[in-house]
Amino acid sequence: MSGREIYIETQRVGGSVRVAAVDAATGEEVVFQVPPRTTKAEIDQLALAKLAWKMGRNESSEPDEKRPGTRPGRGISV
């Protein structure tokens, strides 16, 4: 993930901080929450790790293997 342009937005929500990170090249986004005392360096490191995981998951040989089926309802069946 080095050399990639990543946009990171933080917003205080109640007793936590909402973090949204977007990869500029692919548009992939991850959103997560951290405690308010989390440092910017820790947020950046976590955002990069989560984006790398998501992008690696999307590049798997069967990208739809854990996507919801045609059954009614929401979520991922495990």
Side-chain angles (χ1 to χ4, degrees):
M1 296 276 309
S2 73
R4 297 190 80 122
E5 189 172 3
I6 307 294
Y7 301 112
I8 298 176
E9 175 187 80
T10 58
Q11 180 178 11
R12 183 77 184 249
V13 179
S16 62
V17 176
R18 178 188 181 271
V19 180
V22 179
D23 180 79
T26 63
E28 289 290 344
E29 178 183 29
V30 292
V31 178
F32 56 95
Q33 293 182 346
V34 295
R37 293 184 179 160
T38 307
T39 66
K40 180 172 176 5
E42 291 172 326
I43 290 172
D44 292 348
Q45 181 181 11
L46 187 56
L48 289 174
K50 287 182 175 287
L51 273 171
W53 174 83
K54 184 174 183 183
M55 291 172 67
R57 185 176 131 222
N58 288 345
E59 293 172 359
S60 70
S61 59
E62 295 182 36
D64 294 331
E65 82 181 31
K66 287 221 171 194
R67 296 287 182 211
T70 58
R71 297 181 311 202
R74 296 179 45 185
I76 297 173
S77 300
V78 282

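What you see below is based on every heavy atom in this structure, not just the backbone, and it leaves out hydrogens, waters and symmetry mates.
When each of Val19, Ile43, Thr10 is tested with Thr38 by the rule side chain to side chain contact (heavy atoms under 4.5 Å, CB included), just one qualifies, namely Ile43.
For CZ of Arg12, the number of neighbouring non-hydrogen atoms (other residues, nucleotides, ligands) closer than 6.0 Å is greater than 12. Residue-environment remark: CD (Gln45) stays at or below the threshold of 12 foreign heavy atoms within 6.0 Å.
Clustering ILVMFWY residues whenever any of their side-chain heavy atoms sit less than 4.5 angstrom apart, transitively, puts Ile8 in the very cluster that holds Phe32. Note: the hydrophobic cluster containing Val22 does not contain Val30 (ILVMFWY, side chain heavy atoms under 4.5 Å, direct or indirect links).
The nearest pair of heavy atoms linking Met55 to Thr26 is CE-CG2, 3.9 Å. Heavy-atom minimum distance, Gly15 versus Pro36: O-CD, 3.3 Å.
If you take CG on Leu51 and CD on Glu28, they are separated by 8.0 Å, rounding to the nearest 0.5 Å. Note that CD of Gln33 and CD of Gln11 are 10.5 Å apart. Values are rounded to the nearest 0.5 Å.
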